[in-house]
Novice: 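Just passing along the structure, written as structure tokens.
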Amino acid sequence: MKHALKTQDAADLIPDGATLLVGGFMGVGSPHRLIDAIVAKGARNLTIVANDTAMPGRGIGKLVSAGCVSKIIASHIGLNPETQQKMISGEIDVELVPQGTLVERIRAAGVGLGGILTPTGIGTLVEDGKQKITVDGKEYLLETPIHGDFALLAAYRADYVGNLEYSLTAHNFNPIMALAGKTVIAEPHSIVPVGMISPDSVKTPGILVDHLLERAA
Amino acid sequence: MKHALKTQDAADLIPDGATLLVGGFMGVGSPHRLIDAIVAKGARNLTIVANDTAMPGRGIGKLVSAGCVSKIIASHIGLNPETQQKMISGEIDVELVPQGTLVERIRAAGVGLGGILTPTGIGTLVEDGKQKITVDGKEYLLETPIHGDFALLAAYRADYVGNLEYSLTAHNFNPIMALAGKTVIAEPHSIVPVGMISPDSVKTPGILVDHLLERAA
Amino acid sequence: MDDKEIIARRVAQEIRPDTLVNLGIGLPSLVANHLPKEVHVFFQAENGVIGLGARPPEGMEDPDLTDAGGAFVTAVPGAASIDSAMSFGLIRGGHLDMTVLGGLQVDERGYLANWMIPGKMVPGMGGAMDLVAGAKQVIVAMVHTAKGRPKILKECTLPLTARRRVSLIVTEMAVIEPTEDGLVLRETGPGVSVDDILTATEASLIVHGDVPAMRL
Amino acid sequence: MDDKEIIARRVAQEIRPDTLVNLGIGLPSLVANHLPKEVHVFFQAENGVIGLGARPPEGMEDPDLTDAGGAFVTAVPGAASIDSAMSFGLIRGGHLDMTVLGGLQVDERGYLANWMIPGKMVPGMGGAMDLVAGAKQVIVAMVHTAKGRPKILKECTLPLTARRRVSLIVTEMAVIEPTEDGLVLRETGPGVSVDDILTATEASLIVHGDVPAMRL
């Protein structure tokens with residue numbers, strides 16, 4: 001059983017310089033209250049692993065605008081011109097990863113794989129510096145795991161064990177990142193007593209979740 | 001939309017010599033009606049990929065007893081003495097694979113990976129004949145995908161699109177095998193009209209399912 | 001009919017019933033509007049839904065249900081919501097029947113470049129590399145030229161999206177099929193001659209006899 | 001108290017509150033019976049449930065809810081049902097705090113052999129190799145000797161389960177901790193002397209001063 005944390009107390013767990021896996025796709029399914037609290041406390045030098053950086057003023061975009069971020073590993077930054085400017089100016093180091101490879105690299109970290117072989121990126125710039133391995137006559141890139149010090153998740157509903165349900169396209173990277181953060185903090189819309197969620201509806205088992213944020217006001 | 005097939009018609013789709021991924025763990029979550037129909041039609045020379053061969057007279061054990069099987073890839077055959085006898089007599093070729101590696105190899109086939117790197121099996125007989133790859137100073141085995149001509153699944157509930165829900169420990173290998181069979185046949189307890197299953201409850205999207213068996217009598 | 005509508009209408013004809021189709025952002029997303037009512041298709045949005053539906057009526061949006069461009073959508077009966085691992089598992093595992101993508105360049109090998117212009121536009125590849133590497137059929141839907149300059153080249157000058165021959169190129173001027181032997185001109189666009197196409201195309205095109213016009 | 005009960009009781013003392021624990025079939029499964037009521041633990045059955053509960057009352061079994069041995073079980077409030085990819089993802093990804101497994105042999109390196117006897121018993125490794133490779137803590141729970149012959153050896157003669165030093169060996173005679181320097185004798189079993197243990201053990205044991213007795 002976990003007591004729900006105040007948002008600010010959760011944000012205070014995260015030190016400058018940490019690597020954060022942050023759920024969300026263009027801000028949908030991102031832990032918005034937690035992001036606001038991280039901005040408010042003036043975090044610095046964070047590495048953000050996420051699908052994208054949303055747009056200025058929204059979700060992960062707020063972390064970028066506030067100068068909290070020194071490195072980003074993402075599949076897409078095209079809708080956030082600030083991220084692109086900070087990349088060009090050298091303020092933020094950006095590593096671009098194909099979306100499917102990104103989610104598999106995070107999953108690999110979460111389930112204890114040393115890497116995965118994928119055809120995505122073969123014959124492209126994504127090859128650079130990577131080992132190529134041939135299996136059954138076909139060439140693959142060896143892609144290595146991406147671990148996070150923290151995983152920051154948005155969820156639809158939780159119980160006080162930490163079991164999580166997600167809603168519609170707000171699943172995205174959240175269930176996978178839940179596996180790959182050393183410390184996992186989940187921000188649910190609502191929290192119900194233990195036993196109220198059917199075992200078959202649980203998408204992230206509570207034993208993966210270290211901290212639960214209080215429910216949305 | 002798919003019309004539900006009679007069990008015998010589904011079994012008739014499967015030719016002798018095919019490789020079948022069969023869901024289930026000691027018979028729990030196995031497609032029992034379909035197995036009975038395959039036994040009844042006298043299938044021969046099948047390769048079975050499954051966690052185990054259950055026990056004589058139950059689930060996959062019936063395929064073994066009936067002489068339908070020439071090769072088995074499984075993690076455990078210890079509770080089926082017939083499988084062991086047929087392995088020793090040379091009637092059935094058995095490849096033993098650690099359970100976690102087995103499910104990842106099937107998943108790799110299903111999601112288009114050329115292989116995965118795992119520490120499981122390092123320093124054991126499982127190493128034999130496999131490539132070892134070092135990542136970040138740690139040694140891993142390269143394990144390759146396992147594809148199936150068919151995946152035979154048991155499910156709790158389906159709709160006529162083929163969306164599937166599973167129940168409790170009857171999930172096991174089913175949702176993963178759904179990704180890795182060229183032809184996927186699902187045997188649900190019940191079938192409901194399209195729209196009756198919440199999108200968030202679907203664990204296997206219907207587009208993966210080629211054929212649906214009629215509901216249980 | 002403007003160029004985009006020509007392209008969207010023509011691409012829509014390629015979609016087979018009961019398949020899973022992913023439409024890229026922008027021009028490709030228009031294809032859905034031209035699908036005959038009787039053709040049932042599941043559209044995938046790679047951010048996590050199979051069975052993408054129309055825009056919701058105003059005031060009935062769900063902030064947790066958007067397409068890959070971030071626009072509010074609905075879902076059809078029989079839809080499934082999936083996480084990114086399943087979504088890209090479907091794409092990369094060969095379960096996606098067709099993807100329709102925009103293009104910056106395509107070349108004689110049928111290779112596509114559509115994700116970056118070095119020094120100018122570095123948005124990231126998003127799901128494009130996975131889609132081109134993994135989908136059963138890849139259709140490039142794009143206008144034939146950019147500011148009067150050909151986009152179908154002998155060899156792409158921009159970074160490739162994948163080393164995979166795409167299935168079909170559909171522009172307002174032509175339908176072109178990349179094959180082992182090169183780019184075959186299959187159809188001409190409305191009011192466009194074969195010579196017009198050859199002039200607007202840097203790559204060599206293989207022309208077999210009389211080339212039929214698109215039927216739109 | 002019989003040998004199995006001694007072992008199960010002693011192993012139960014190792015379990016910390018609010019952890020995720022996997023108990024193997026047979027002897028290890030008895031450990032759950034000896035956990036103090038106030039210690040809340042989630043038990044995992046690797047066939048797909050977190051929060052394994054007691055046996056159901058007769059007539060209230062669900063054929064879709066069994067443990068890894070195939071026996072009917074229940075699930076506690078807050079349980080989650082998971083597929084095999086998630087189940088072994090938890091085991092292999094380092095999310096399982098402890099596994100308790102039976103053993104055929106353990107050696108001075110702390111390596112375990114527990115999955116086959118060539119030519120005699122080839123049941124398959126099931127989840128054992130994943131559990132030993134992946135769990136944070138691996139406890140071997142076994143009787144000290146088999147038909148009077150030591151099971152704790154200089155080097156395993158049976159095929160290894162993994163090349164990983166297990167965390168603790170608990171028998172009815174001793175608690176032994178494999179360390180970088182070798183096997184350290186931590187506790188003696190009821191009515192057993194250090195000499196008795198040394199005699200029943202082929203491997204060298206490191207003995208530091210007075211070895212305390214198990215407190216059961």
Side-chain angles (χ1 to χ4, degrees), chain B residues 23-29 51-55 58 72 74-81 83-84 87-88 94-104 106-107 110 118-127 139 154 156 166-179 189 203-204, chain D residues 25 45-52 62-75 79-94 109 111-113 115-116 118-134 156 158-164:
Chain B
F25 192 111
M26 285 304 297
V28 176
N51 180 60
D52 56 68
T53 57
M55 53 191 86
R58 178 162 166 81
I72 291 169
S75 83
H76 198 267
I77 56 168
L79 297 175
N80 191 330
T83 305
Q84 300 205 48
M87 173 176 70
I88 291 163
V94 175
E95 180 185 342
L96 292 170
V97 180
Q99 198 168 151
T101 297
L102 183 61
V103 71
E104 286 294 332
I106 297 167
R107 181 180 183 275
T118 177
T120 298
I122 283 281
T124 77
L125 297 179
V126 170
E127 274 194 2
E139 207 175 41
Y156 174 61
Y166 305 93
S167 167
L168 300 167
T169 54
H171 283 71
N172 56 65
F173 279 66
N174 288 295
I176 304 304
M177 288 176 167
L179 289 157
H189 283 289
K203 295 208 177 154
T204 296
Chain D
I25 307 302
E46 69 263 27
N47 56 320
V49 63
I50 294 170
L52 199 63
D62 180 340
D64 283 348
L65 185 53
T66 62
D67 65 18
F72 293 121
V73 292
T74 58
S81 42
I82 55 179
D83 66 24
S84 299
M86 174 63 95
S87 187
F88 281 85
L90 295 176
I91 291 168
R92 292 153 60 109
R109 301 166 297 183
Y111 291 175
L112 170 68
W115 72 281
M116 83 179 282
K120 275 179 81 174
M121 185 194 82
V122 190
M125 67 293 281
M129 287 190 176
D130 303 295
L131 285 160
V132 178
C156 290
L158 295 173
L160 295 180
T161 305
R163 199 166 64 200
R164 179 235 170 113

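Throughout, a chain's letter reflects where its sequence line sits, starting with A, and its residues are numbered from 1.
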Novice: For B:E95, is it the side chain, the backbone, both, or neither that has a heavy atom closer than 4.5 Å to a heavy atom of chain D?
Specialist: neither
Novice: Drop me the distance from B:T124's OG1 to D:L160's CG, to the nearest 0.5 angstrom.
Specialist: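 Rounded to the nearest 0.5 Å, the OG1-CG separation comes to 8.0 Å.
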Novice: Find the distance between CG (B:N172) and CG (D:N47) and round it off to the nearest 0.5 Å.
Specialist: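 So the gap between those two atoms works out to 7.5 Å.
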Novice: Mind ranking D:G124, D:G127, D:G119, D:S84 by heavy-atom pairs under 4.5 Å with chain B and telling me who comes out on top?
Specialist: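 Heavy-atom pairs under 4.5 Å are most numerous for D:S84.
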Novice: Can you measure from CG (D:L131) to CD (B:Q99) and round to the nearest 0.5 angstrom?
Specialist: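 It is 8.5 Å, given to the nearest 0.5 Å.
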Novice: Identify which part of D:P159 has an atom lying under 4.5 Å from any heavy atom of chain B, answering side chain, backbone, both or neither.
Specialist: side chain
Novice: Hey, are the side chains of D:M116 and B:L125 touching, using non-hydrogen atoms and a 4.5 Å cut-off?
Specialist: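 They are in side-chain contact.
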Novice: Can you tell me which portion of D:A79 sits under 4.5 Å from chain B's heavy atoms? Options are side chain, backbone, both or neither.
Specialist: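 When you check distances to chain B, no heavy atom of D:A79 falls under 4.5 Å.
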Novice: Quick check on B:I176 against chain D: is it the side chain, the backbone, both or neither that has a heavy atom closer than 4.5 Å?
Specialist: side chain
Novice: Could you tell me the separation between the CG atom of D:D130 and the OG1 atom of B:T101, rounded to the nearest 0.5 Å?
Specialist: 5.0 Å
Novice: Which region of D:S87, side chain (C-beta onward) or backbone (N, CA, C, O), has a non-hydrogen atom less than 4.5 Å from a non-hydrogen atom of chain B, or is it both or neither?
Specialist: neither
Novice: Who wins among B:E104, B:H76, B:K203 for the most heavy-atom pairs under 4.5 Å with chain D?
Specialist: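 Greatest number of close heavy-atom pairs with chain D: B:H76.
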Novice: Does some side-chain heavy atom of D:D64 sit less than 4.5 Å from a side-chain heavy atom of B:H189?
Specialist: yes
Novice: Tell me whether B:Y156 at atom OH has more than 12 heavy atoms from other residues, nucleotides or ligands lying less than 6.0 Å away.
Specialist: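 Result for OH/B:Y156: open.
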Novice: Check each atom of B:M87 against the heavy atoms of chain D and say whether the ones under 4.5 Å are side chain, backbone, both or neither.
Specialist: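 Side chain of B:M87 only, per the 4.5 Å heavy-atom cut-off to chain D.
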Novice: Between CE of D:M86 and NE2 of B:H171, what distance do you get to the nearest 0.5 Å?
Specialist: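 Output value for this atom pair is 10.5 Å.
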Novice: Is there side-chain contact between D:V73 and B:T169, with at least one heavy-atom pair below 4.5 Å?
Specialist: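 D:V73 does not reach B:T169 side chain to side chain.
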Novice: Chain D heavy atoms under 4.5 Å from B:V94: which part of the residue, side chain, backbone, both or neither?
Specialist: neither
Novice: If you count heavy-atom pairs under 4.5 Å with chain D, which of B:M55, B:M26, B:R107, B:Q84 comes out on top?
Specialist: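 Highest number of pairs under 4.5 Å: B:Q84.
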Novice: Is B:F173 in contact with chain D via its backbone, its side chain, both, or neither, using a 4.5 Å heavy-atom distance?
Specialist: both
Novice: At a heavy-atom distance under 4.5 Å, which candidate from B:P119, B:G123, B:S75, B:G78 has the highest pair count against chain D?
Specialist: B:S75
Novice: What distance separates D:M125 CE from B:T120 OG1, expressed to the nearest 0.5 Å?
Specialist: 10.0 Å
